[in-house]
J.: 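To start, I am sharing the structure in question, which I have written as structure tokens.
Labels below follow one simple rule: chain letters A, B, ... track the order of the sequence lines, proteins then strands, and each chain is numbered from 1.
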Amino acid sequence: MGSMLKQIWLVLVLSLIFAVALAFVDQGTAQRIAENRQQQVQALAQMAILGEPAVGADGQMQFKIKLEPVAIQDVQAAFRVTPAEGGDETLGYAVVVEGIGWDRLLILVGLSPDLQRITGVQIVESRETPGLGERIGDEAWRDQFRKPTAQPLELVKGRAQSPYQVEALTGATISSDAVTSLVNEATAKALAQLK
Amino acid sequence: MSVDTAKEPQGDVVSSGPGGLEVQPAPHLTDPITTRRLMLDVIIALIPAFLASLVFFQWNSLRVLALCLIGCLATEYLFNRVRNKPNSLSDLSAVVTAIILAFSLPPTLPWFAVLMGAIVAIALGKMFFGGLGQNIFNPAMVGRAFLMVTFASLMTTWVAPAAEPGPPVPTDRVEAVTAATPLAQIKPGDPERPLPETWRLFVGRTAGSLGETSVIALLIGAAYLLIRRTIDWTIPFGMLGAALAFAAIAYLAAPGKFANPMFHLGAGSLVFGAFLIATDLVTSPLSKSGRVVFGAGCGVLTMVIRQFGTYPEGVMFSILMMNALAPLIGRWMRPTPLGGKARG
Amino acid sequence: MSEPSLGKQFTNGLWAENPVLVMLIGMCPTLAITNSVANALTMGAATTFVLICSNVVISLLRKQLQPHLRMLVYMLIIATFVTIADYALQAYLFEMSQALGPYVPLIIVNCIILARAEICASKSGPVRSFVDGVGMGLGFTFALTILGVIRELLGMRTVLSYQVLPEAFVPWVIMILPSGAFLTLGLVIGLVTWLKTRKPADSRQNKDLEAAA
């Protein structure tokens, strides 16, 4: 009986010590982790809207834009993009949407201030097949999405015929299709809800 | 790897008593059919298809075949040397693997990829398992699958065959003309070129891998094998029958969406796979009924991959998948022992 | 049972009983994240940290632990240190932690840590447990790095993102896919087994050598 009590106390005390230790670690890192997440999105948004990378020559993050959350329903996140050095001018909108390619896929769509054009598409998170689906990360391919938003984009195999068509990556149709439908979803929701 | 204990060569003699009466381990019935003869037959059967590929792809056909032979034979030799095993080059199985691999590759594949496929085919597909007779998967298809994953884009770059009627193709610059294979053309969304007429598929004047293009040449070889009884009708019958039935049902259900069965028969490597790859004795079940099921599985899987998968051609993967199932089919449908009663 | 010297305890993990290449445990991270050297090094470092800390703490507590409760306490300790490692990575090596994905939290179920807790830390003093943790951790990192170098070099032409192989070399895509991990691991284990069985074979007969090859 005595040893039983001792065991219970041992586990309780250990749990308490570890919980306190973890609480301290969490205190110490939570802010940094949140900043990291924020910076990642901010860097991608800058790339999608201004077309300029946020990492300077010295490897430090330097942002020309600020993000200000706006409300769009059923998307991961949406931001109004404003200049970093003050001013309330809208540079564009960034919408983050989540979907499924071969696995979880998270992309960011940059839109012009008047929502009439897609300014860029960035991959936030993807786990597609290397060598095939992972090529959705290729800049040349993603540049195809910089098109007007008047019509939904259509994925085609082979050559694109109209301004609203996007050429699929050979051997990566499913991944290309996932990105295209996510872009359409993001623009449709932004158009419907930001007007 | 405890591979060596199971299979000692036939020279393993059990001596009983001082009298020196020697008893060989079973089987005691012998048959004049040797591995070497079987393999020689297969090689002979592949000659017409090789000649056809020479006509269509010329120097490239020779180049790919030579590289495959070098890679396969050298790998087999090296493995035997390192493991102090008797040399198995003379059973010609490595030569057959090399030819089948070569026939399944695009004619313009760069030399390093061809060599790598050949080395992987023998090393990974056969020798790692302990040599001929112990491999689970068809070695040539292992090599090709490796290449397909490793060099996906090189493996799907095809050239139009030379001797093309109509606008003359400069024959010294065949490499420059890339073309989609007939199967790639029927994939949704690539309707630019009209499909080649079915007769062309059978003669072989279409883009594709070395050996798969000319169905007629392949059928000549297959007929030879059937007459020599090197292969029997079960697997080809099962595979072609199932594939055609599947294609026919799909075609009747939605003629606009799916190509007709004769197209599927002529295009790609269905005939090649049915007669020459799936019939590999080592990696298919033993019993007749088992082989029919095996072939039918290959046929259905091929059509499923062709019509619903991302890859245009499914023969390789379907055969590999059925190879994996072959032991299971073998357990399910045991062969009748010689002299035993046929089971109901 | 006589205890080996501390030096031996250390080299044990590096080579003689290398967790990945000889004992074949901890396969999940080995196969999943070795497609680049940076991944392999980070995963190795995180695991080593957890291994050392949990070994030392368990060793300190070993006298108090009753058999039926020990697993519970092990998991408690390991989970704590893994969470610390995970937070630290997210805070200071954010991109790396994104690349490793769920595999950092999964260190909790890495067999190596539980095995060392059971085999070594619960039976020996903190110094020996510490040395054992360092040895095993480095052995794990070493194995992961070998795989990472081979796979990144052949699959992407680079090592630690510096291009090593010329542009003319066509990358072997299979090497950065899971199947490449299995192939490389199999070949490396074969090589290590061959190297390990070779030495005694010199004095004996050549038969063993062939069997191993």
J.: So for E95(C), is it side chain, backbone, both, or neither that comes closer than 4.5 Å to the heavy atoms of chain A?
T.: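 For E95(C), neither part sits under 4.5 Å from chain A.
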
J.: Heavy-atom pairs under 4.5 Å with chain A - which of P171(C), A79(C), A91(C) has more of them than the others?
T.: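 That would be A91(C).
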
J.: Got a salt bridge between E118(C) and R70(C), using NZ or NE/NH1/NH2 to carboxylate O under 4.0 Å?
T.: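 Looking at E118(C) and R70(C), the cut-off is met.
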
J.: Find the one option among V73(C), L65(C), I77(C) whose heavy-atom pairs under 4.5 Å with chain A are most numerous.
T.: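 Highest number of pairs under 4.5 Å: I77(C).
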
J.: Checking D138(A) side chain against A140(A) main chain: does a donor-acceptor pair fall under 3.5 Å?
T.: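 Checking the backbone N and O of A140(A) against the side chain of D138(A), no donor-acceptor pair under 3.5 Å is found.
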
J.: Please check if the side chain of S59(C) supplies one atom and the backbone of N55(C) the other of a donor-acceptor pair under 3.5 Å.
T.: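 Such a contact is absent between S59(C) side chain and N55(C) backbone.
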
J.: With chain C, which of N36(A), V25(A), L10(A) has the greatest number of heavy-atom pairs at distances under 4.5 Å?
T.: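 Option with the greatest count: N36(A).
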
J.: Flag the pair D143(A) and R146(A) as a salt bridge only when some basic side-chain nitrogen lies within less than 4.0 angstrom of an acidic carboxylate oxygen.
T.: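 So D143(A) pairs with R146(A) through a salt bridge.
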
J.: Can you say whether I84(C) sits under 4.5 Å from chain A via the side chain, the backbone, both, or neither, judging by heavy atoms?
T.: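 Both backbone and side chain.
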
J.: What part of L72(C) gets closer than 4.5 Å to chain A, counting heavy atoms only: side chain, backbone, both or neither?
T.: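 The side chain, not the backbone.
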
J.: Which pairs count as side chain to side chain donor-acceptor pair (under 3.5 Å) when at least one residue sits in residues 168-184 of chain C, sequence neighbours excluded?
T.: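 For residues 168-184 of chain C, and leaving out neighbouring residues, there are no side chain to side chain donor-acceptor pair (under 3.5 Å) pairs at all.
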
J.: Checking heavy atoms, do the side chain of Q40(A), its backbone, both or neither come under 4.5 Å from chain C?
T.: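 The side chain, not the backbone.
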
J.: Could you tell me which non-hydrogen atom of V127(C) sits nearest to which non-hydrogen atom of L6(C), and how far apart they are?
T.: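 Minimum heavy-atom separation between V127(C) and L6(C): CG1-CD1, 4.1 Å.
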
